[in-house]
Amino acid sequence: MLQGDVGLELAARVVAAVKSSLDLDITPAEALIRPSNRPGADYQCNAAMGLGKRVGRPPREVAAAIVGALDGTDLVVEPEIAGPGFINLTLTDTWLTTHIEQLLGEERLGVPVTERPRRIAIDYSSPNVAKEMHVGHIRSTVIGDALVRMLRFHGDEVIPHNHLGDWGTPFGMLIEHLVDEGVDADHSVSDLNVFYQEARKKFDSDPDFAERARLRVVKLQSGDEQTLELWQQLVDESMRHFMKAYKMLGIGLTPEDNYGESFYNQYLADTVAELEQKGLTEISDGALCVFPKGFFNREGDPLPLIVRKSDGGYGYMSTDLATARYWGVERAATDLLYVVGTPQAQHFAMVFVASRDAGWLTPEQNTVHVNFGSILGEDGKMFRTRSGDTVKLIDLLTEAIDRAAAVVGEREDLTAEERASIAHAVGIGAVKYADLSSDREKDYVFSWEKMLATDGNTATYLQYANARTLSIIRKSGETVRPGAKVTLAEKAERDLALQLIQLPAAVQAAIDGYTPHKLTTYLYETASAFTSFFEKCPVLKAEPEIRASRLALCALTSKVLTLGLDLLGIKAPTRL
RNA sequence: GCCCCCGUAGCUCAGCGGAUAGAGCGAGUGACUUCUAAUCACUUGGUCGCAGGUUCGAGUCCUGCCGGGGGCACCA
């Protein structure tokens, strides 16, 4: 049984052919196997041109030598050499059908488990306590969750952590405001945004209050019991809110995954002491700083990470160094992933350099800022939190579900419960998919219309295709069994089959670059290949053998779409 | 001023150094008594920001420029 992608197998064959015909050692990557978009060719090998240069022979001659030595009769039909030296590879129908038949019985649909699992600590979501989650939190939360799912499926040990903004100076004013409002009034923080804004307003306008807030910060940091209790109330209330959003979104984060700023607080003094001990710090403008090499401010002077502020307090830079130290040393993670917006790129670059200088991370340990573009308003400007016009996350999700419900409501053959469940899957899926289906590094213009669209490259389209596959199978009254005989007569059937075997490559590509959109693109193409097949190839009315074969294709399509969507954190309802 | 990211069809976006740059939306024409029309087929649409360079081959790599965005000392 072939594990993984066919492209890898083809590459191995080409490597062997190059060795035997040209006596050259090349890597599988150098075999340059690519899926081909040429009619009639499934894959192509682009190695001959480069090798021709290397051995000083015409590329077409090299291509002919490779083809002559290629041991691939079980896999591909006689390859054809085209243009300057492209080798067109077409899978035999025998191989393709056999492979499809085998995949039907395979839980992982051909995706291998990694042989070298890693321990991956991933920081994502990271909302602020006492602030309601808004659209700006979608990206980190949804992308992070998808990465967790994909990496776990890949076989890695994944440790998610939610870096809550639950500590620091704002909590002085928040706690004082809580005291003013009456500690027992359990509804006092029910609307977190209003609560925060009121506290802020009082802090700015009432010097008395501001002074109390400052004193409260000192109490908090010195561990005053009563203050900690109040603080805990704020955190708990916020967590209830976060969990509500996570539950709606189908995000797996729980309070167990909380590693907020308050958690790292206990490590800050040691972290800083260690930096001092290693001679990496210096005092600048009264602040204790680390100056990682290669970073400069606008005057051209070295740019610091301020590890202890001039007032003796610790800021986010100390905390982020403490996280790198904690996950790199204490938890021995092999990979540290931070799903945080692009604007913080320089900050993370500095933290990574400083952490390596401090010896907390070895060269074998990867640090990746899984950055993503900003959410922009319709005006193309940054969607600022303080603009007052932010869309609340819960409102957005509710709206998305309502819109989906309006369409599902027309279905009369479903129970109210089914309709609600479908509306939820479709609405939430639309929002998540909108965020996962484009290159995460690019900025994102917020638009209801785009986010809730149900046509084109959207979650709804995939869910719809899946529901149709299952509808056919349901109506057939049969269960498709592994090993069901498959034949590929029509072009639409073969196109679909070829698409279905490429899941492993798509998953790997998405994992390699932490780029979920590579998977969404593949799934969209798969759904598209299915709908073409659906239009052209009747299943239930076909002759028994064809019918069985097409049912098998439907079944495998459904498995691929369902698994793929699951890796993205999107539900695939059996009916729509 | 320095650094980072982006610039592909009217719009939103894919595109792994390979052949004639692809989808969706929009617009136009067809297709539901037939497995779900939340669909499909066909048509329309491009100086890949500009100029050099590397290469057998550049949307993709390098340099410079133009345009947009972001970051650049005690907020995160």
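Worth knowing before you read on, the calculation uses all heavy atoms, side chains too, and leaves out hydrogens, waters and symmetry mates. Every chain is numbered from 1, with letters handed out A, B, ... down the list of sequences. Keep in mind the model is a prediction, meaning the values are calculated, not measured.
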Member of A:Val235, A:Thr319, A:Val217, A:Leu220 meeting the side chain to side chain contact (heavy atoms under 4.5 Å, CB included) criterion with A:Trp167: A:Leu220
Among A:Leu32, A:Ile33, A:Val18, side chain to side chain contact (heavy atoms under 4.5 Å, CB included) partner for A:Cys45: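 Answer after filtering A:Leu32, A:Ile33, A:Val18: A:Ile33.
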To the nearest angstrom, how far is [X] atom [atom1] from [N] atom [atom2]?
| X | N | atom1 | atom2 | answer |
| --- | --- | --- | --- | --- |
| A:Tyr522 | B:A23 | OH | P | 18 Å |
| A:Gln344 | B:A76 | CD | C1' | 6 Å |
| A:Met451 | B:C13 | CE | C1' | 15 Å |
| A:Glu525 | B:G22 | CD | P | 13 Å |
| A:Tyr43 | B:C16 | OH | C1' | 13 Å |
| A:Leu305 | B:G71 | CG | C1' | 14 Å |
| A:Phe348 | B:C72 | CZ | C1' | 16 Å |
| A:Tyr444 | B:C11 | OH | P | 19 Å |

Looking across every strand, which nucleic acid part, if any, lies under 4.0 Å from [X] by heavy atom: base, sugar-phosphate, or nothing?
| X | value |
| --- | --- |
| A:Asp301 | nothing |
| A:Ala465 | nothing |
| A:Arg38 | base |
| A:Gln44 | base |
| A:Asn88 | base |
| A:Gly315 | sugar-phosphate |
| A:Ser310 | base |
| A:His517 | sugar-phosphate |
| A:Cys289 | base |

Counting distance alone, no hydrogens or angles: does the base of B:A73 have a donor or acceptor under 3.5 Å from a partner atom on the side chain of A:Ser284? yes
Ignoring hydrogens and angles, answer whether the base of B:A21 and the side-chain atoms of A:Asn37 contain a donor-acceptor pair closer than 3.5 Å.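 Side chain to base: no pair below 3.5 Å.
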Yes or no on salt bridge (charged side-chain N to carboxylate O under 4.0 Å, His left out) for A:Lys536 and A:Glu490, after CA distance, side-chain angles and deciding distance? CA-CA 9 Å; A:Lys536 282 173 202 146; A:Glu490 295 287 328; over 6 Å; no
Would you please classify the geometry between the A:Tyr338 ring and the A:Phe348 ring as parallel, tilted or perpendicular, with 30° and 60° separating the classes? tilted
Would you please test A:Ser125 and A:Thr141 for side-chain hydrogen bond (donor to acceptor under 3.5 Å, both in side chains) and show each step? CA-CA 4 Å; A:Ser125 194; A:Thr141 306; 2.9 Å; yes
Toward the 5' end of RNA chain B, by each residue's nearest nucleotide, A:Ala47 or A:Ser532: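 Whichever sits nearer the 5' end wins; that is A:Ala47.
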On RNA chain B, compare the nucleotides closest to A:Leu32 and A:Glu299; which residue's is nearer the 5' end?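 The residue whose closest nucleotide sits nearer the 5' end is A:Glu299.
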I want to check a possible cation-pi pair here: A:Lys491 against A:Phe533, using under 6.0 Å from ring centre and within 45° of the ring axis as the test. no
Could you tell me if A:Arg468 sits above the aromatic ring of A:Phe534, with its cationic atom closer than 6.0 Å to the ring centre and no more than 45 degrees from the axis? yes
Give the stems involving RNA chain B, where a stem is 3 or more consecutive Watson-Crick or G-U wobble pairs (i with j, i+1 with j-1, and so on) under 3.5 Å. B:1-7 with B:66-72, B:10-13 with B:22-25, B:26-31 with B:39-44, B:49-53 with B:61-65
Please answer whether B:A19 and A:Phe86 are stacked, defined here as ring centres separated by less than 5.5 Å and planes angled under 30°. yes
Taking the side chain of A:Glu441 as its heavy atoms from C-beta onward, which of B:C5, B:C13, B:G1 lies nearest to it? B:C5
Protein-nucleic acid N or O pairs under 3.5 Å, nucleotides 35-39 of chain B:
| unit_1 | atom_1 | unit_2 | atom_2 | d |
| --- | --- | --- | --- | --- |
| B:C35 | O3' | A:Lys475 | NZ | 3.3 |
| B:C35 | O2 | A:Val539 | N | 3.2 |
| B:C35 | O2 | A:Leu540 | N | 3.0 |
| B:C35 | N3 | A:Val539 | N | 3.0 |
| B:C35 | N4 | A:Phe534 | O | 2.3 |
| B:C35 | N4 | A:Cys537 | O | 3.1 |
| B:U36 | OP1 | A:Ser471 | OG | 2.4 |
| B:U36 | OP2 | A:Ser471 | OG | 3.3 |
| B:U36 | OP2 | A:Lys475 | NZ | 2.2 |
| B:U36 | O2' | A:Tyr464 | OH | 2.7 |
| B:U36 | O2' | A:Arg468 | NH1 | 3.2 |
| B:U36 | O2 | A:Arg411 | NH1 | 3.4 |
| B:U36 | N3 | A:Leu576 | O | 3.1 |
| B:U36 | O4 | A:Leu576 | N | 2.9 |
| B:A37 | OP2 | A:Arg468 | NH1 | 2.5 |
| B:A38 | OP1 | A:Tyr464 | OH | 3.4 |
| B:U39 | O2' | A:Arg468 | NH2 | 2.8 |
| B:U39 | O2' | A:Glu535 | OE2 | 3.3 |

Going by salt bridge (Lys or Arg N to Asp or Glu O under 4.0 Å), name the pairs with one or both residues in residues 31-46 of chain A, residues two or more places apart or in two chains. A:Asp42-A:Arg494
Using atom [atom1] of each nucleotide, how far apart are [N] and [M] to the nearest Å?
| N | M | atom1 | value |
| --- | --- | --- | --- |
| B:G30 | B:G69 | C1' | 44 Å |
| B:G46 | B:G22 | P | 13 Å |
| B:C72 | B:G10 | C1' | 38 Å |
| B:G26 | B:G15 | C1' | 22 Å |
| B:G24 | B:U44 | C1' | 15 Å |
| B:A14 | B:C6 | P | 11 Å |
| B:G67 | B:A51 | C1' | 15 Å |

Within the side chain of A:Tyr264, is there an N or O that forms a donor-acceptor pair under 3.5 Å with the backbone of A:Asp320? no
Does any N or O in the side chain of A:Glu282 come within less than 3.5 Å of the main-chain N or O of A:Leu288, such that one atom is a donor and the other an acceptor?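 The answer is no, because no donor-acceptor pair under 3.5 Å joins these two groups.
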Check the chi torsion on B:C32 and let me know: syn if it falls within 90° of 0, anti if not. syn
Is the number of heavy atoms from other residues, nucleotides or ligands within 6.0 Å of CD (A:Glu61) greater than 12?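 Count over threshold, so yes.
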Minimum heavy-atom distance A:Tyr124-A:Asn162, with the two atoms named: O-OD1, 3.4 Å
